[in-house]
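Reading through the structure tokens given below for one structure.
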2 protein chains.
Amino acid sequence: MSQKTTQKSAVRAENERTILKAAEAVFADHGFRGATTGMIAERAGIPKANLHYYFPTKEALYRRVVEHIFNIWLDAANSFDESDDPVEALTAYISKKMDISREHPMGSKVWANEILHRAPVIQDYLETTLRDWTASRASVIERWIAQGRIAPIDPNALLYMIWATTQHYADFNHQIDTLNGGRPLSEEQFAEAKKTVIQIVLAGIGAAPVALARDASAQAAGETEAAE
Amino acid sequence: MSQKTTQKSAVRAENERTILKAAEAVFADHGFRGATTGMIAERAGIPKANLHYYFPTKEALYRRVVEHIFNIWLDAANSFDESDDPVEALTAYISKKMDISREHPMGSKVWANEILHRAPVIQDYLETTLRDWTASRASVIERWIAQGRIAPIDPNALLYMIWATTQHYADFNHQIDTLNGGRPLSEEQFAEAKKTVIQIVLAGIGAAPVALARDASAQAAGETEAAE
DNA sequence: AATGATCTTGACCGTTTGGTCAAGTGTTCA
DNA sequence: TGAACACTTGACCAAACGGTCAAGATCATT
């Protein structure tokens, strides 16, 4: 009741969502060329012809998937600006990016695949939105350096290190799982990894103190007695 | 002259090398499914039927390419053990891995693609050679921690960070190039990136001192006067 | 009940792909 | 010279693929 064009759109919206979800998984598992519209349709539980009713071509469907990933990425990017303090800003940003890798591993894989193959579909995003964002955040990092709040390092290299490491937990999760005895990281293991990444980055740029195991002063961890 | 079975093998060896080189490039650019034997043959300058004379199936060819990459990886892995000192060992290892990313970007991409797609071809390597290597190096890192030579961090997370970051310069080089104005990193830029990666990792685990810009004491860099 | 619009689907088609094959060309060695 | 062997290649094939189509099902509106 009370729907006119809304009802039609509701069916469409629902079906598009189902298809996009299936497409993300299949594109992540098999890449663009490796994925077939038949596989995606099967996963979505609809005939292939129906899929082509909603998304005329495989490219159009893929583009929608990648755009969705990019929007999630942009959302995380904002958390970089939560504070002007390097410790707070980087902690928030890394934390958010790790969470995305944990919650949207398939999206990250699609993105990785796209870049790996020279970004045939989203080159324009790289040259506009991503380039602007990166340049502006690099200058923030430069300012922190000039203010003596962090060590003088190559800002881009720092950003790449953060991207690479956080996304590694999504893109290479199969390798990580295998090295973890074939099981996915537990919540505790993942939290520990996240903590380590943040710690290494912050200490690495001199934004946070480093605690050696023999240093009983800074942080009481409990493993201190292991030192011979 | 003086060749009997050598001559025949020489032709075979030469052709296999040519084909493998072409295959690495094509697999890196397009992934396993995206690559076609026709493309590889064309790139190698031979008819497709000739390629299938040397490599019966696309899978067999792919497996040979991946094995080649893995051997290069193993070579770098050895440099981890150059010294028992964390600074020396990690510097050598990171440096070597960065060099590989610079010199064999395509091999790295093939490997990334393989892991991304759940390692359908090289799962056995992950579960044997890679797992053993990782476990043994993790225990070396544990020992460094116990000895108080580095900060207490999750050893696996440290290794993943090194892998992710160094391989990022190969796997995501298209993105890096785009953010560098569409040009590949110069030798100087790459050297700077390498220096930054090593510095952040070493300082991040407390194995090397951190120099802030306002810290004129540790290392005289020249940018010190930028601090307000 | 009738109309028109949206949605569903099995059957189909042209193209591309991995791989085969048979007819060749060289090359070695007795 | 000629037989055995390794290599080369154009033509070909069955399977899989992205995409189309026409016929029907469903549903809001009149």
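Here is how names work: the chains are called A, B, and so on, in the same order as the sequence lines, proteins then strands, and each is numbered from 1. Every heavy atom of this structure was used, including side-chain atoms; hydrogens, water molecules and symmetry mates were not.
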Charged N-O contact under 4.0 Å between A/Lys109 and A/Asp29: no

Residues touching DNA chain D, which here means a heavy atom under 4.0 Å, drawn from residues 113-123 of chain B: none

Residues touching DNA chain D, which here means a heavy atom under 4.0 Å, drawn from residues 46-66 of chain A: A/Lys48, A/Ala49, A/His52, A/Thr57, A/Lys58, A/Glu59

Heavy-atom check, side chain of B/Ile122 versus side chain of B/Glu67, under 4.5 Å: no

Interface residues of residues 18-30 of chain B with DNA chain D (non-hydrogen, below 4.0 angstrom): none

Verdict with reasoning, B/His174 to A/Gln123, per side chain to side chain donor-acceptor pair (under 3.5 Å): CA-CA 10 Å; B/His174 176 76; A/Gln123 179 63 21; 2.5 Å; yes

Test side chain to side chain contact (heavy atoms under 4.5 Å, CB included) applied to A/Thr166 and A/Met98, A/Met161, A/Lys194, A/Arg102, the passing residue: A/Met98

B/Arg12 vs D/dC7: side-chain N/O to OP1/OP2 distance below 4.0 Å: yes

Non-neighbouring partners of A/Phe190 that pass ring-ring contact (aromatic ring centres under 6.0 Å, His included), sequence neighbours left out: none

Sugar-phosphate only, base, or nothing, as touched by B/Ala41 at under 4.0 Å among non-hydrogen atoms: nothing

By side chain to side chain donor-acceptor pair (under 3.5 Å) - contacts of A/Glu42 (at least two apart): none

Minimum side-chain heavy-atom gap B/Ile69-B/Val65 below 4.5 Å: yes

Geometric class of the A/Trp163/A/Tyr160 ring pair [parallel <30°, tilted 30-60°, perpendicular >60°]: tilted

Phosphate contact (D/dC17 OP1 or OP2) by A/Arg33 side-chain N/O below 4.0 Å: no

Verdict with reasoning, A/Tyr62 to A/Glu114, per side chain to side chain donor-acceptor pair (under 3.5 Å): CA-CA 10 Å; A/Tyr62 180 71; A/Glu114 174 69 8; 2.6 Å; yes

Non-neighbouring partners of A/Tyr93 that pass ring-ring contact (aromatic ring centres under 6.0 Å, His included), sequence neighbours left out: A/Phe80, A/Trp133

Under 4.0 angstrom between B/Asn15 side-chain N/O and D/dA6 OP1 or OP2: no

Nearest-Å distance for atom pair CD1/P, residues A/Ile40 and D/dA16: 18 Å

Pairwise side-chain contact, B/Trp144 with B/Ile205, heavy-atom cut-off 4.5 Å (strictly under): no

